[in-house]
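Residue numbering restarts at 1 for every chain, and letters A, B, ... go by the order of the sequence lines. The figures that follow rest on heavy atoms only: side chains count, while hydrogens, waters and symmetry mates do not.
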Amino acid sequence: MKARVPAVEGWFTMDEDQPHLLGNRCVTCGTVFFPRAETACRNPGCRGGDFEEAPLSRRGRVWSYTTNHYAPPPPFVAGDPFQPYTIAAVELAEEKMVVLGQLDGDPTRLRVGAEVELVLATLFEDDEHEHVVWKWRPL
Amino acid sequence: MEVETAVSGTEAAPQASGRGRVAVLGVGMHPWGKWGRSFVEYGLVAARAALDDAGLDWPDVQFVSGADTVRNGYPGYVAGSTFAQALGWQGAQVASSYSACASGATALGAARAQILAGLCDVALVVGADTTPRGFLAPTSGDRPDDPDWLRFRLLGATNPTYFALYARRRMELHGATDADFARVKVKNARHGMANPYARYRKEVTEEEVLASPLVADPLRLLEICATSDGGAAVVLSSLEFARRRTTGPVRVAGLSTVTPRFPNTVIEMPNFATDSAATVAPPESPFRDSIAEKAYQEAGVGPEDLSLAEVYDLSSALELDWYENIGLCKPGEAERLLHDGDTALGGRVPVNPSGGLSCFGEAVPAQALAQVCEVTWQLRGQAQGRQVQDAKVGLTVNQGLFGHGSCVILER
């Protein structure tokens with residue numbers, strides 16, 4: 001069995017049961033950023049530069065979605081044969097933000113407003129590893 | 001009043017207006033296509049056409065403003081000097097701008113500022129591109145710190161992905177249908193048939209659009225703009241200079257290159273997420289609305305004054321969003337405008353009489369300038385076969401990757 005490694009370092013927890021996206025929160029004004037704000041708080045009314053880790057809500061509602069029927073160019077790693085995949089934009093109520101992710105599940109019954117939950121799923125495999133990314137799974 | 005507004009910080013900036021003080025003296029284009037030649041050649045052809053149109057010689061130009069291309073190596077990053085050298089060094093001052101799809105407007109803004117400041121009388125603005133086949137891809141190499149690279153790697157979020165998210169949202173929010181989107185394409189295809197600079201000049205039917213392959217559901221191949229080679233150029237001058245050479249020149253009434261305001265709550269290419277609106281309330285106008293608002297404010301006109309508009313129809317569905325963003329109608333009413341024929345040639349306010357990106361495909365740094373060329377021809381009554389009757393005021397609008405607004409209002 002291949003080792004499962006994150007396809008990007010530090011963007012989400014590798015907790016297979018209850019994964020969270022990892023943003024950060026400005027300790028001065030409380031604004032949350034995902035991906036993490038690196039250098040300074042991006043709220044123009046705030047001069048903060050210190051952040052704490054902020055795991056994002058695991059559930060949200062679909063803002064919109066689409067299925068791609070053509071293989072994207074690299075650095076996307078497309079399967080052979082290419083399989084269409086769905087991307088969902090998901091609204092997180094507490095953070096009041098919309099976060100993209102691939103859909104893990106059947107897109108045919110998806111609707112704007114549908115509830116989804118964050119899961120970890122394989123993005124692509126190479127000889128040694130399964131590269132893992134976050135996806136949204138319909139509830 | 002001054003004291004009160006100064007407290008709120010962002011409102012304190014002086015509302016200077018350049019309305020009407022800069023003229024569009026000449027415009028020129030190289031036809032759009034997939035020619036496979038150097039972008040420098042397209043820019044050169046367009047620049048010479050614009051100079052001829054202005055009745056000027058290249059040595060008359062005092063400032064060259066290039067819109068960069070990022071797909072053609074170093075010469076593309078310094079487009080202003082690349083075009084200046086191609087035309088023959090003559091000592092003009094130079095600048096080069098990059099702001100993705102908005103690059104042409106940014107370069108135009110730089111040239112206009114020189115003229116408004118009295119630093120020069122005549123400026124040449126040029127943008128041109130040579131594009132690869134297929135999807136626009138991020139710059140190659142392993143770049144895990146670049147969101148444009150990561151969105152392809154982690155999500156497979158192509159440009160059409162974002163257009164499709166807006167289209168699907170429009171369907172669910174406003175009841176838009178596949179047929180509505182197809183009709184936008186049909187309209188623009190008809191408009192572009194008479195445009196000698198358009199790449200696609202063929203009528204298409206609603207059935208043909210709906211039979212074309214799905215790219216990013218609900219958008220189909222014929223509804224998503226292609227990538228093209230092309231070049232466009234604009235000669236700007238002070239109004240006094242223009243009046244010595246011509247009567248009733250087209251004038252720049254307003255020009256906007258605004259960035260978004262925090263928090264930006266619409267998911268934008270190439271981002272993974274929106275800003276959070278949990279601590280700061282969203283601005284009154286979403287980013288896309290604010291682009292035209294700034295130009296209207298400077299020009300002292302409103303949407304009701306427009307004779308025509310050239311909007312950035314990266315997808316057929318996105319054109320409908322733009323109707324609302326530039327104030328032609330309220331949110332949710334764009335489909336009615338389309339059905340009533342308001343935005344077709346002969347209607348109340350024709351949109352994309354050039355045929356739009358639908359007939360051109362996108363040549364990134366040239367596209368905002370191509371929009372300005374078209375509006376100029378329309379205002380002069382020179383848009384043969386696609387002329388908007390008695391055109392007085394025209395607007396161009398687009399949006400570039402990473403938060404670049406672009407809107408130009410021209411009047412005659």
Side-chain angles (χ1 to χ4, degrees), chain A residues 7-9 11 21 23 25-26 29-35 38 42-46 54 56 62-78 84-102 107 110-113 123-124 131 133-135, chain B residues 9-10 132 134-138 140-147 149-173 213-221 224 261-267 271-282:
Chain A
V8 62
E9 210 55 56
W11 283 37
L21 289 169
R25 179 184 294 106
C26 172
C29 75
T31 301
V32 170
F33 297 94
F34 178 81
E38 294 290 352
R42 295 199 299 268
N43 170 359
C46 177
L56 303 189
V62 172
W63 183 86
S64 191
Y65 59 97
T66 179
T67 299
N68 274 336
H69 293 266
Y70 282 70
F76 185 78
V77 183
Y85 57 94
T86 300
I87 291 177
V90 172
E91 214 165 0
L92 307 180
E94 193 193 334
E95 292 84 358
K96 289 192 178 163
M97 67 196 297
V98 173
V99 181
L100 297 182
Q102 284 191 13
L110 205 60
R111 288 291 172 269
V112 166
L123 180 64
F124 64 92
H131 296 262
V133 76
W134 77 92
K135 294 191 182 183
Chain B
T10 54
F135 288 121
L136 289 183
S140 60
D142 224 25
R143 292 176 303 113
D145 293 330
D146 179 353
W149 187 88
L150 278 169
R151 63 154 165 147
F152 280 90
R153 179 68 156 198
L154 299 178
L155 297 175
T158 59
N159 295 5
T161 298
Y162 292 83
F163 315 153
L165 290 173
Y166 304 143
R168 172 64 62 192
R169 177 95 179 151
R170 185 158 191 96
M171 291 172 112
E172 300 250 1
L173 238 59
L214 273 172
V215 174
D217 170 76
L219 298 175
R220 295 173 180 276
L221 193 59
I224 294 172
R261 285 174 191 272
F262 182 88
N264 188 355
T265 56
V266 176
I267 184 78
N271 298 339
F272 282 84
T274 62
D275 292 330
S276 163
T279 49
V280 179

Which residue out of [options] racks up the most heavy-atom pairs below 4.5 Å with chain A?
options: B:Leu150, B:Thr161, B:Leu165; answer: B:Leu165
options: B:Asp275, B:Leu173, B:Thr265, B:Asn271; answer: B:Asp275
options: B:Arg143, B:Met171, B:Arg168; answer: B:Arg168

>> Going by side-chain contact (heavy atoms from CB on, under 4.5 Å), name the residues that satisfy it together with A:Ala78, two or more places apart in sequence or in a different chain.
In response: A:Ala71, A:Phe76, A:Phe82
Against chain B, label [X] side chain, backbone, both or neither, depending on which of its atoms sit under 4.5 Å from a heavy atom there.
X: A:Val133; result: side chain
X: A:Leu123; result: side chain
X: A:Val99; result: both
X: A:Trp134; result: side chain
X: A:Pro74; result: backbone
X: A:Glu9; result: neither

Nearest-0.5 Å distance, [atom1] of residue [X] to [atom2] of residue [Y]:
X: B:Leu154; Y: A:Trp11; atom1: CG; atom2: CH2; answer: 6.0 Å
X: A:Thr67; Y: B:Leu214; atom1: OG1; atom2: CG; answer: 9.0 Å
X: B:Thr274; Y: A:Glu91; atom1: OG1; atom2: CD; answer: 8.0 Å
X: A:Phe124; Y: B:Arg153; atom1: CZ; atom2: CZ; answer: 4.0 Å
X: A:Arg25; Y: B:Thr279; atom1: CZ; atom2: OG1; answer: 10.0 Å
X: B:Arg169; Y: A:Trp63; atom1: CZ; atom2: CH2; answer: 5.5 Å

>> Parallel, tilted or perpendicular, judged at 30° and 60°: which one describes the rings of B:Phe262 and A:Phe33?
In response: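 If you compare the ring of B:Phe262 with that of A:Phe33, the planes turn out tilted.
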>> Going by salt bridge (charged side-chain N to carboxylate O under 4.0 Å, His left out), name the residues that satisfy it together with A:Arg42, two or more places apart in sequence or in a different chain.
In response: none
> Minimum heavy-atom separation for B:Phe152 to A:Pro72, with atom names?
Replying inline: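 Closest approach of B:Phe152 to A:Pro72, heavy atoms only: CD2-CB, 4.4 Å.
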